[in-house]
Amino acid sequence: MTVAEQLALRLRRELADLDRTVIQVGRAWARVKAADPDRDLYLDSVALNLHGFYSGLERLFELIARHLGGNLPSGSSWHEELLASMTRDVEDRRPAVISEASASRLDEYRRFRHLVRNVYATNLLPERVASLVEGLPAAWVELRAELSGFADFLDATP
């Protein structure tokens, strides 16, 4: 199996995992909005799943950059640079993986992931999480289509 075929297979497996993560976000968010007595626990679940959503995507982006992009960015802003690099063609190696519009939306999830990693969950405000949760289904539909298209490109690569 070629590297491209292995990446396509991994990408498709991760897409299925990300599908489940998006569903989990929606389920937990419904409990947050319903003012469940355990609302704070469900908000924690939402935050953790949003964190996992972006982290899963970033793992894929790292694999793509490592195997088809020449190198991984480094330095203090490497997360931002990695995301931006997925919007650019790499000559003779690969097309852009995602659109600039998707990268712009994903940047919000990247920043939120950073927040989740660096603050106590008790400091998360539902109002700040709401826009991420409510935008996730539409963003995921578009992003999933782009990533599936990239997996198709990988399958067609000799």
Are [X] and [Y] grouped together when hydrophobic residues (ILVMFWY) are joined by side-chain heavy atoms under 4.5 angstrom apart?
X   : Y    : answer
W78 : L106 : yes
I23 : L15  : no
L72 : V97  : yes

Who are the ring-ring contact (aromatic ring centres under 6.0 Å, His included) partners of [X], not counting sequence neighbours?
X   : value
Y54 : none
Y42 : none
F61 : none

Report summary line: Tracing side-chain contacts under 4.5 Å among Ile, Leu, Val, Met, Phe, Trp and Tyr outward from L9 reaches M1
Decide yes or no for [X] and [Y]: does some side-chain heavy atom of the first lie under 4.5 Å from some side-chain heavy atom of the second?
X    : Y    : value
L132 : R105 : no
D44  : L48  : no
R128 : L115 : yes
L68  : T157 : no
L136 : L50  : yes
R110 : L82  : no
R113 : E58  : yes
V25  : F53  : no

Query - Listed partners of R10 passing salt bridge (charged side-chain N to carboxylate O under 4.0 Å, His left out), at least two apart - result: E14
Query raised in the report: Should we count CZ of R144 as having more than 12 external heavy atoms under 6.0 Å?
Result: yes
Query raised in the report: Are there more than 12 heavy atoms of other residues, nucleotides or ligands under 6.0 Å from atom CD of E100?
Result: no
Which heavy atom of [X] sits nearest to which heavy atom of [Y], and what is that distance?
X    : Y   : result
F150 : R94 : CZ-CD, 3.9 Å
A96  : D89 : N-OD1, 2.7 Å
L18  : G56 : CD2-CA, 4.5 Å
A28  : V46 : CB-CG2, 3.5 Å

**Report entry** Any donor-acceptor N or O pair under 3.5 Å, side chains S45, Q24
**Finding:** no
Query raised in the report: Distance-only, no hydrogens or angles: does the E146 side chain make a donor-acceptor pair with backbone N or O of S99 under 3.5 Å?
Result: yes
Query raised in the report: Would a distance-only check, ignoring hydrogens and angles, find a side-chain to backbone donor-acceptor pair under 3.5 Å from R31 to L43?
Result: no
Which value, rounded to the nearest 0.5 Å, describes the distance between [X] atom [atom1] and [Y] atom [atom2]?
X    : Y    : atom1 : atom2 : value
S55  : L60  : OG    : CG    : 11.0 Å
L147 : L57  : CG    : CG    : 6.5 Å
E5   : D155 : CD    : CG    : 7.0 Å
E62  : M86  : CD    : CE    : 9.5 Å
T21  : W140 : OG1   : CH2   : 8.5 Å

Query raised in the report: Quick one: do D107 and R111 make a salt bridge, cutoff under 4.0 Å?
Result: yes
Query raised in the report: Does a side-chain N-to-carboxylate-O contact under 4.0 Å join R59 and D17?
Result: no
Report task. For residues Y109 and F112, establish whether the separation of their ring centroids is below 6.0 Å. Result -> no
Query - Stepwise side-chain contact (heavy atoms from CB on, under 4.5 Å) test for I98 and L83 - result: CA-CA 9 Å; I98 61 173; L83 180 57; 3.9 Å; yes
Report task. List for me each residue that meets side chain to side chain contact (heavy atoms under 4.5 Å, CB included) alongside S77, sequence neighbours excluded, and say none if there are none. Result -> E80, E81
